[in-house]
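Only one structure is covered here, and it is reproduced in the block below.
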Amino acid sequence: MNDKEIKGESISVRHVKKEFKIDKEPLVVLKDINLEIESGDIVSIIGGSGCGKSTLLRLIAGLDVPNEGEILINGKQVQKPSVDVGVLFQESRLFPWDNTEKNIAFGLPESTPKKTKKELVRKYMDMVGLSGFGKALPKQLSGGMQKRVAIARTLINRPHILLLDEPFGALDAFTKMNLQEEVVRIWKEERMTTVLVTHDIDEAIYMGNKIIIMSAKPGVIKKIINVELPEPRSRTSYDFEQIRLKVYKEFFGEVSAQEDYAI
Ligand SMILES: Nc1ncnc2c1ncn2[C@@H]1O[C@H](COP(=O)(O)OP(=O)(O)OP(=O)(O)O)[C@@H](O)[C@H]1O
Ligand SMILES: [Mg+2]
């Protein structure tokens, strides 16, 4: 297998229930979640705060276990975190005392030979557009650049599955659009199965082949919308707007194209 042929793995979520206890009171966070994500696909999950999106990602990542049901990756039940599953959290979680190169290299197993480490760090630094900033500390980088370091650190292990939990939430609109394009470009090259959790409807449409809409209390999948748009996607196209209206309709009922919206 050469570098560009990473084949993502399929994800099956079957009858998953997740319950937490808060002050001894049970709280059903996810109820009968069923989801099939094909290998190499990219899907978005969107839904209001507290509907269980992060919980679902944590279950897929093997960071927690469901109370009922099961999650399969390539047909095999998830029981613990795997190096083949990369997770990118909302906060960049970089080591402030380590420079870009060291932060990115942290994603690799310790046993990786020094020369291979160096080559891979350079490759992924280039891939996310950070060449020339290898020696910079996180505090010497902009928010968007820090996010790029975090992306490179997650990708350097060449995960078969990439889970993104509101990764661009805190960034300005331009940096956000830029990074969305970068991640889609990398996904097209590497084809790792990608699941993006977001609050941003345009981001969900721009990046996902499917949009999984969740609703809360308990968290359930309300609707799945297929995104069939010509590539490269244009955020201002008529077809994009039609999908945007479909998604808004799920959250706000019937709307017209002229109205203003807020979640
Ligand atoms: N470890 C935990 N213990 C108890 N309750 C939890 C725990 N983790 C999450 N919850 C509860 O589960 C519910 C869903 O949380 P989750 O973080 O999955 O929501 P979310 O959809 O990601 O929300 P947001 O969009 O705000 O990030 C919340 O009501 C939260 O209080
Ligand atoms: Mg969350």
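Values below: every heavy atom of this structure, side chains too, minus hydrogens, waters and symmetry copies. Whatever order the structure lists them in is the order used to number ligands and atoms, beginning at 1.
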For ligand 1, find out whether one of its N or O atoms is nearer than 3.5 Å to an N or O atom of Thr55. yes
Look only at interatomic distance and state if Gly52 has a nitrogen or oxygen under 3.5 Å from any nitrogen or oxygen of ligand 1.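 Yes; the residue has a nitrogen or oxygen that sits under 3.5 Å from a nitrogen or oxygen of the ligand.
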I'd like to know if [X] pairs up with [Y] as an ion pair, taking the criterion as any Lys NZ or Arg NE/NH1/NH2 lying under 4.0 Å from an Asp or Glu carboxylate oxygen.
| X | Y | result |
| --- | --- | --- |
| Asp165 | Lys53 | no |
| Glu241 | Arg244 | yes |
| Arg14 | Glu36 | yes |
| Arg148 | Glu182 | yes |

Looking only at heavy atoms of Lys18, does any of them come nearer than 4.0 Å to an atom of ligand 1? no
Can you find a non-hydrogen atom of His199 under 4.0 Å from ligand 1? yes
Suppose we measure from [atom] to each protein heavy atom; which comes out shortest, and what is that distance?
| atom | value |
| --- | --- |
| atom 26 (O) of ligand 1 | Ser49 OG, 2.5 Å |
| atom 17 (O) of ligand 1 | Ser54 CB, 3.7 Å |
| atom 27 (O) of ligand 1 | Glu166 OE2, 3.5 Å |
| atom 1 (N) of ligand 1 | Phe20 CE2, 3.7 Å |
| atom 12 (O) of ligand 1 | Val29 CG2, 3.1 Å |

Side-chain (Thr100) to main-chain (Ala136) donor-acceptor, under 3.5 angstrom: yes
Using the side chain to side chain donor-acceptor pair (under 3.5 Å) rule, pick out the option among Asn226, Thr194, Asp41 that qualifies with Asn209.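 By the side chain to side chain donor-acceptor pair (under 3.5 Å) criterion, Asn209 pairs with just one of Asn226, Thr194, Asp41: Asp41.
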Tell me which one of Glu203, Arg185, Arg233 satisfies side chain to side chain donor-acceptor pair (under 3.5 Å) with Gln180.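 Exactly one pass, corresponding to Glu203.
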Protein heavy-atom contact under 4.0 Å for atom 30 (C) of ligand 1? no
Which residue from Pro218, Gly48, Cys51, Gly50 reaches closest to atom 14 (C) of ligand 1 through any of its heavy atoms?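 It is Gly50 whose heavy atom sits nearest to atom 14 (C) of ligand 1.
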Only one of Ile224, Ile201, Ile46 passes side-chain contact (heavy atoms from CB on, under 4.5 Å) with Ile213; say which it is. Ile46
Below a 4.0 angstrom heavy-atom separation, can you tell me which part of Ile22, side chain or backbone, both or neither, approaches ligand 1?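 It is the side chain that gets close, since no backbone atom is under 4.0 Å.
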Classify the contact between Leu27 and ligand 1 as side chain, backbone, both or neither, using a heavy-atom distance cut-off of under 4.0 Å. side chain
When rounded to the nearest 0.5 angstrom, what is the spacing between CE in Met207 and CG in Asp200?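 The CE atom of Met207 sits 10.5 Å away from the CG atom of Asp200.
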For ligand 1, which atoms have a heavy atom of Lys53 less than 4.0 angstrom away?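 Heavy-atom distances to Lys53 below 4.0 Å select 18 (O), 20 (P), 21 (O), 22 (O), 23 (O), 24 (P), 25 (O).
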For [X], I'd like to know if atom [atom1] has over 12 heavy atoms of other residues, nucleotides or ligands within 6.0 Å.
| X | atom1 | answer |
| --- | --- | --- |
| Lys246 | NZ | no |
| Phe240 | CZ | yes |
| Lys102 | NZ | no |

Is the terminal nitrogen or CZ of Lys18 (NZ for Lys, CZ for Arg) located under 6.0 angstrom from the six-membered ring centre of Phe20 and within 45° of that ring's axis?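 Geometry flag: set, cation within 6.0 Å and 45°.
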So which protein N/O/S atoms does the Mg ion (ligand 2) have within less than 2.8 Å?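 You should have found Ser54 OG.
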